[in-house]
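In what follows, a structure is listed as structure tokens, so that the remarks can point back to it.
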Amino acid sequence: MESWMGHLPSALWDIPLCNLAIPGSHNAITYCLDMNDRSPVDLTQPDMLQKLDKYMKPLIRPFVYKWAVTQESSIKQQLDCGVRYCDLRIAHRPNDDSNDLYFYHGVYTTVTVETVLKEIREWLDVHPREVVILSFSHFLGLSQELHMLLLTTIRNVFISKLCPHTEAVSLRNLWALGHQVIVSYEHITANYHSDLWPHIPYWWANKCKAEALIEEFEHRKQHGRPGGLFVTGINLTEDLKYICSHPTESLKDLVMSTYPTLLGWVQEQTPGSKAASLNIIAGDFITESRFLPTVVALNEKLMKWSS
């Protein structure tokens, strides 16, 4: 799975990436959330939770952690297993005098954005026929100056591997140009830089039950897929009522119990350009199940149509 793009049949090399089935990682960098006193709860969390964490951290932090972690494998392990889309939530920690940027989901990570990007670059150097889509979004606490510093970091790390924004790209022309990285940037900054792609639409069902999530996506499919790259997120969303009624469980318990149903639905999907086709499919704990090979295998359906 670590070289699945390079091993696709040549008949698929000219198909636009937006018509391939591509596995993605929702909140990709939550395997290294900071559980120590160094990191406060992120500022998007309810005021009550922020206050409880401030005064009752030893009790509250483990509770936050088990519902905030969405991936347990490192970025290199995820890439080795087949992930080619990474959902990256970027933040500058409050009261931090440095320009360091981190990822966040509930709390902030222990590793910086630059460190992770360099790890991705190192992996790509060893896998020259693989392409990754990095979606930078949900910016928290970033000034315009920090946006420009982040953009400089992205350029310095990936250099010529960055693919400029264009209408449609295929594996064959990406390989020919040596491009391996598509950077999607959910900020007005993207409008002024040719090496940044606009935000990639993300279908989010906001459901905590697999059946309700599937029903929502089937409804959306009836209205047609977006043009270009887009994500269908089969990540479940727990609300406060669900968390309080399942005090001994975790997000992983919820996800793993529903994966048989969700992957059964994924197996029925088709990539391609048709109105009901899917493109990038993202999930949680993606290395813990058959999620990755199930998504990649959908590309075999394209072979049947092209033959």
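- Judged by the 6.0 Å and 45° rule, R220 forms no cation-pi pair with W204.
- For Q78, the side chain to side chain contact (heavy atoms under 4.5 Å, CB included) criterion is met by S25, A28, Y31, Q71, S73, V83, I286, T287, not counting sequence neighbours.
- Judged purely by distance below 3.5 Å, without hydrogens or angles, the side chains of K301 and Q269 never pair a donor atom with an acceptor atom.
- T30 and N27 are not linked by any side-chain donor-acceptor pair at a separation below 3.5 angstrom, with hydrogens and angles left out of the test.
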- Message: If you apply the rule side chain to side chain donor-acceptor pair (under 3.5 Å), what do you find for E218 with W265, and how did you get there?
- Response: CA-CA 10 Å; E218 286 298 326; W265 178 78; 2.7 Å; yes
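- Partners of D253 according to the salt bridge (charged side-chain N to carboxylate O under 4.0 Å, His left out) rule, which considers only residues two or more places apart in sequence or in another chain, do not exist here.
- For H187, the side-chain hydrogen bond (donor to acceptor under 3.5 Å, both in side chains) test picks out H147, T189, with sequence neighbours left out.
- For E211, the salt bridge (charged side-chain N to carboxylate O under 4.0 Å, His left out) test picks out no residue, with sequence neighbours left out.
- Ring planes of H127 and W123: parallel class, angle under 30° (limits at 30 and 60°).
- In this structure P260 satisfies the side chain to side chain contact (heavy atoms under 4.5 Å, CB included) test with no other residue, sequence neighbours excluded.
- Evaluation of the salt bridge (charged side-chain N to carboxylate O under 4.0 Å, His left out) rule for R290 yields no partner, not counting sequence neighbours.
- Other residues, nucleotides and ligands place more than 12 heavy atoms under 6.0 Å from the NE2 atom of H199.
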- Going through the distances and angles, do W203 and F230 end up as a ring pair (Phe, Tyr, Trp, His ring centres under 6.0 Å)? CA-CA 8 Å; W203 282 3; F230 84 103; 5.0 Å; yes
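- Below 30°, between 30° and 60°, or above 60°: for H26 and H105 the angle between ring planes is above 60°, a perpendicular geometry.
- No hydrogens or angles considered: nothing links the side chains of N279 and Y85 as a donor-acceptor pair under 3.5 Å.
- With no hydrogens or angles considered, no side-chain donor-acceptor pair links T261 and T258 at under 3.5 Å.
- No side-chain donor from either of S135 and W197 sits under 3.5 Å from a side-chain acceptor of the other.
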